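Remarks on the structure that follows.
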Amino acid sequence: MRRSRRPKQHISSTTLKDRFDRRSVVIGAFQGGIGVLLAARMGYIAIAENEKYELQSESNRVNLTLIPPRRGWLLDRNGAPLASNRADFRVDVIPERLADREDTVRTLGEILDFGPDQMADLNARIDEARPFQPVEVSTGVDYEQFAAISVRLPDLPGVVPQRGFSRFYPTGPSVGHLIGYVGPASAEEYEEDNNPLLITPGYKIGKDGLEKQFERQLRGEPGARRVEVTASGRIVRDLETRDDIQGDPVKLTIDGPLQDYAARRIGLESGSVVVMDCLTGDLLCMASMPSFDPNSFSAGIGSLEYSMLRDDVRVPLRNKVLSGLYPPGSTVKPMVGMAFLKAGLKPNESVFCGGGLRVGNRVFRCWNRRGHGRVDLAKGIYQSCDVYFYHFAQAIGMDPIATMARRYGMGQEFPLPVTTQFYGTVPDPEWKFNKFEREWQAFDTVNATIGQGYMLASPLQLAVMASRLATSEIVMPRLVLDGSTPKFESMGVSPEYKAYVRQAMSDVVNGPGTAGRARLPVEEVLMAGKTGTAQVVGLSLSDGKSGPWKFRDHGLFIFFAPFDKPRYAGAVVIEHGGGSGAAYPIARDVMTYLFDPQKGMDALLALEKQWGGTAQERLNKQYAAYAAEAGETVPPVPRREEDIFAQVEAEARLAVRQSESMADGVITPREDPFAPGDTQGRPTT
Amino acid sequence: MSIVPAPIARQPWQMLIPLFVLASFGAAVLFSAAGGNMQPFAQSHLIRFGIFLVMAVIITFFTRDAMKLLAYPIYLIILLLLVAVEAIGFVGGGSQRWLNLGFMTLQPSELMKPAIVLTLARFYDTLPVGMVGTWRALVPAGAIIALPMALVLLQPDLGTSLALAFGGVVVMFLAGLPMRWFVTSGIAGLAAIPVLYTFALQPYQQRRVTTFLDPESDPLGSGYHITQSKIAIGSGGLTGKGFNQGSQSHLNYLPEPQTDFVFATMAEEWGFIGGLLVIGIFALILRWGWKVASNSEDRFARLLAAGMVATIFFYVAINLMMVMGLAPVVGIPLPFMSHGGSSMLTNMICIGILMQVYHWNRRTHRRGLD
């Protein structure tokens, strides 16, 4: 700093001037120092740390969003979709980005016309989610609502409205149990698989059924979208977009229209229909009703809907094809007959049925108290004579019968891509001793030969048994169509005996048998079958046909057609249908539909007129009625869907113990259990 | 003689030309901060600069005696304005810092910065030389500083009250008060910091200090400002992203890109080079200010000029330290670049007074040469 020398005026004034000069140099130097410091600091930030800050600036500016991949389709055997994707508008919220949660949720609820139960569900879902997890508010939002939310976005941080795809099940409840449904990944699932895709709004994973089993295949590759965004998240422009790669389709053996038909044909009953192609093992239909609509589960199960499904005694959440176990009743008789033949019995060997059989000092009753007269194997099957089977079963013992039951698929678990599969019980002396530490009794054999007591089978196993009876090959069921034609091992039944049993089973329907009404209204196709009625409580408690629904007999029917050249086989089980009369008309109509769709459809439409609409329509009506009645007092849903289905399974296991409870004694068959108690259209509560 | 007319030729162009460059550069940055528009920042920035430049030229016409005469009345008037602001704020509820004059909002606390310097310069001018080492040099001056500081702290506006203190203390320091006073109070002040932090600061001010010490502790809250500002400056690199290309400012990541963080806005687009230019121009202006001060004949002019330099410096230093993460966020704009009437007014008053002293000096020199 330049200093000018001036003539001195006053000594102290000069001192002050000197001080000023010295101190101003100090301050000036200090200021210069600050200036250098600032320049150095700036150089450090802008040059030395440039890379780091450039990166941060880029990550500010550019927002990478994953585009959820479109899920692969689930196709039926003819390529028609059982599960497809539908373009729609959807709204999600990301809890940690919500500025004012209450206000935002209220605003969304108003725009989307949410009822109090939906508001409660949404709040529960937000509470449950991790802060970073997107929570679905709604899918299938209509354009007006979508636009209304979009324009309010600046005031609604954390709300993500977007176009996307949602899963669509064209036949809704008909495929509910089979296909399962999709939903957002839970916190646990994200923990396990730390894939950022799982917390991308709109991304769903399979939660049950085939959707869950084929998750890897169906998932696909996510796309990505790089956009320039402002600090408040407004998108300025697209920088780059990589399209998603849709997941691979899975082609099933299921025949979509048949599946839908069977599900609808079950009508007001609770039960299942399984149809197989007995040449290939292809499962053409695995219908279980009543069911849920997987389309409405995509945001998680609503508390109102859950509560309705839960309160229903017909357990719509249980897949009865796989998790329903029933005493097979008389449907085991052809199989037991095969055991007799294998043990060396001649088909024409006969026994006299006078309405009962004395073993030791006990009399075991035939369902026909008046007796069948002289009965050989064929008559034993088509008239379902109990005495015939009691008699020869006492002669050959339980073990050969149990072995044969297992050969025909009972107690077997099949290699199918399903989430749960109950395999039931084929009791034998060893099993009983291991389980109860009690000796096998004569009445145990008697009970087992008529498919009661401890014996339990799933509808799928019964269908497999039907196909193995039809073909005498070890038919294995399969669910995925892979282009191969499986080759099955022969069961070693002589052609003569094979034809004999086929004929006897044909006579059940087309001859002097127990299911004359099951005759197909189709020229030149004769269906073979075997009726079964499974008692769930003793004769003293219920007549099996009326009274409390829970006490009524299960109705069963196994079948194949055409009887002499079998192509299709299957089983129908109607829970508490009041006897086999509830089951075989359904089998008849389903098979009619297979051979002559028009005729089958006509029969169904007539029935649906009585019932008040298709399964989907009835479910919707039931829901509306339930919602109106329930109002706001709805108990909450267990939040984890795993819990829901674990509970359903536990209850299913409990349910099968019911028939075990009466296995401790002689089960006396009912008189005339095959009478077609006209259950169709009758209110069943 | 040159062809340039004398009234123009005698202006301090060595300061004015860098100042014009800086103000224009500021306008360019504001143009970019508005997304490539003259509205709403750049145009009013230039207009204000023009108006206040005229004001500064008018200030140069005041004589030394007139300034001496006006010093105390100006101080009192502004003090009253501060009280008025406080009263209005009290009535209206909440803090208020400005008076609405219709065409602009005026922050009296801004005007107080040059006024305090003027008043103290006047005070030490009249103080008998022999009393410089006594309490009479300290207590009235202390009161002159403390009164407005207290009022501004009540607003509460920590940044401005510190600026007032800084200007005042620099004048006291240069007035030749005993060095040991400054050393002692400096030590006492350091010791008092924890106490002041706990009891004197508002929670939001405390938060600013803690986030300054560790901005990453709250990257989305109040640390956000510092972090984003550093990102803007750091991502500019050597030459910047280019005019109108700053993503931090254009996409609203940078808070207040037109006022407090205008330097970050500039640095993002013009890089280290732009930063050096700005710092360099401030260095030129301040160095010229010091020259004016030391060339002054009398004590009043010397203290006045030096105080003005200190006031401008305080703005520049605190603002730049803040945007580079070296000081807490205290809401002090960058002179001549930030958009905002009050700070432009204050700084142009400072410039005007420096030019005024420059003219007094020229006249004295000429007389001396005669």
Side-chain angles (χ1 to χ4, degrees), chain A residues 1-4 6-7 9-28 30-63 96-97 228-234 236, chain B residues 124 128-130 132 170 173-177 179 224 227-228 230-238 240-241 246-248 250-255 263 267-268 271-272 275-276 279-280 282-283 286-287 290-291 293-295 297 299 302-303 306 309-310 313 316-317 320-321 324-326 365 368:
Chain A
M1 207 152 282
R2 193 169 62 85
R3 292 176 202 198
S4 44
R6 312 248 134 249
Q9 294 166 333
H10 191 278
I11 182 71
S12 53
S13 189
T14 315
T15 319
L16 286 185
K17 167 72 173 136
D18 279 350
R19 272 192 194 167
F20 177 88
D21 287 343
R22 270 187 275 114
R23 291 185 181 184
S24 66
V25 169
V26 170
I27 294 181
F30 170 72
Q31 294 183 348
I34 295 280
V36 170
L37 172 74
L38 287 171
R41 170 71 174 170
M42 187 177 174
Y44 177 71
I45 296 178
I47 310 290
E49 293 194 305
N50 172 250
E51 224 167 282
K52 165 183 151 191
Y53 286 118
E54 212 163 310
L55 201 73
Q56 291 187 7
S57 147
E58 276 301 287
S59 79
N60 264 349
R61 181 177 79 95
V62 177
N63 204 338
E96 68 182 355
R97 298 197 200 148
E228 194 173 275
V229 290
T230 66
S232 54
R234 194 171 57 81
V236 179
Chain B
Y124 286 114
V129 170
V132 159
V170 166
F173 184 66
L174 292 173
L177 268 59
M179 184 61 98
Y224 181 83
T227 310
Q228 294 303 332
K230 276 159 77 179
I231 292 174
I233 297 171
S235 64
L238 183 65
K241 295 178 183 168
S247 62
Q248 286 287 103
H250 286 236
L251 300 175
N252 307 336
Y253 290 98
L254 196 58
F263 184 83
E268 188 185 16
F272 186 50
L276 286 184
I279 295 173
F282 278 119
L286 294 176
R287 200 180 68 124
W290 277 119
K291 246 189 259 173
S294 64
N295 282 350
E297 278 311 303
R299 193 164 155 75
R302 229 168 16 229
L303 292 177
V309 173
F313 168 78
V316 176
L320 293 187
M321 282 164 69
M324 294 183 201
L326 295 173
H365 284 244

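Lettering follows sequence order; numbering is per chain, from 1. The model shown is predicted, which means the values in this text are computed figures rather than measured ones. Below, all heavy atoms of this structure are taken into account, side chains as well, without hydrogens, waters or symmetry copies.
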message = So which residue, A/R23, A/E58, A/E54, ends up with the most heavy-atom pairs under 4.5 Å with chain B?
response = A/R23
query = Does any heavy atom of chain A fall under 4.5 Å from the side chain of B/A306, the backbone, both, or neither of them?
reply = side chain
key: Winner by heavy-atom pair count (cut-off under 4.5 Å) against chain B, out of A/M42, A/R19, A/E51   = A/M42
query = Heavy-atom distance under 4.5 Å to chain A: side chain of B/Y124, backbone, both or neither?
reply = neither
task = Name all residues meeting the salt bridge (Lys or Arg N to Asp or Glu O under 4.0 Å) criterion together with A/E228; count only those two or more places apart in sequence or in a different chain, and write none if there are none.
result = A/R61, A/R237
query = Which region of B/L238, side chain (C-beta onward) or backbone (N, CA, C, O), has a non-hydrogen atom less than 4.5 Å from a non-hydrogen atom of chain A, or is it both or neither?
reply = both
request  = Name the member of A/I27, A/L55, A/I34 that forms the most heavy-atom pairs with chain B at distances under 4.5 Å.
outcome  = A/I27
A/N60: partners by side-chain hydrogen bond (donor to acceptor under 3.5 Å, both in side chains), with sequence neighbours left out = B/Q228, B/Q248
query = Quick one: are B/W290 and A/V25 in side-chain contact, heavy atoms under 4.5 Å?
reply = no
ask   = To the nearest 0.5 Å, what is the distance between OG (A/S57) and CD1 (B/I233)?
value = 12.5 Å
inquiry  = With a 4.5 Å cut-off on side-chain heavy atoms, are B/K230 and A/Q56 touching?
reply    = no
request  = Using non-hydrogen atoms and a 4.5 Å limit, figure out which bit of A/L38 sits close to chain B: side chain, backbone, both or neither.
outcome  = both
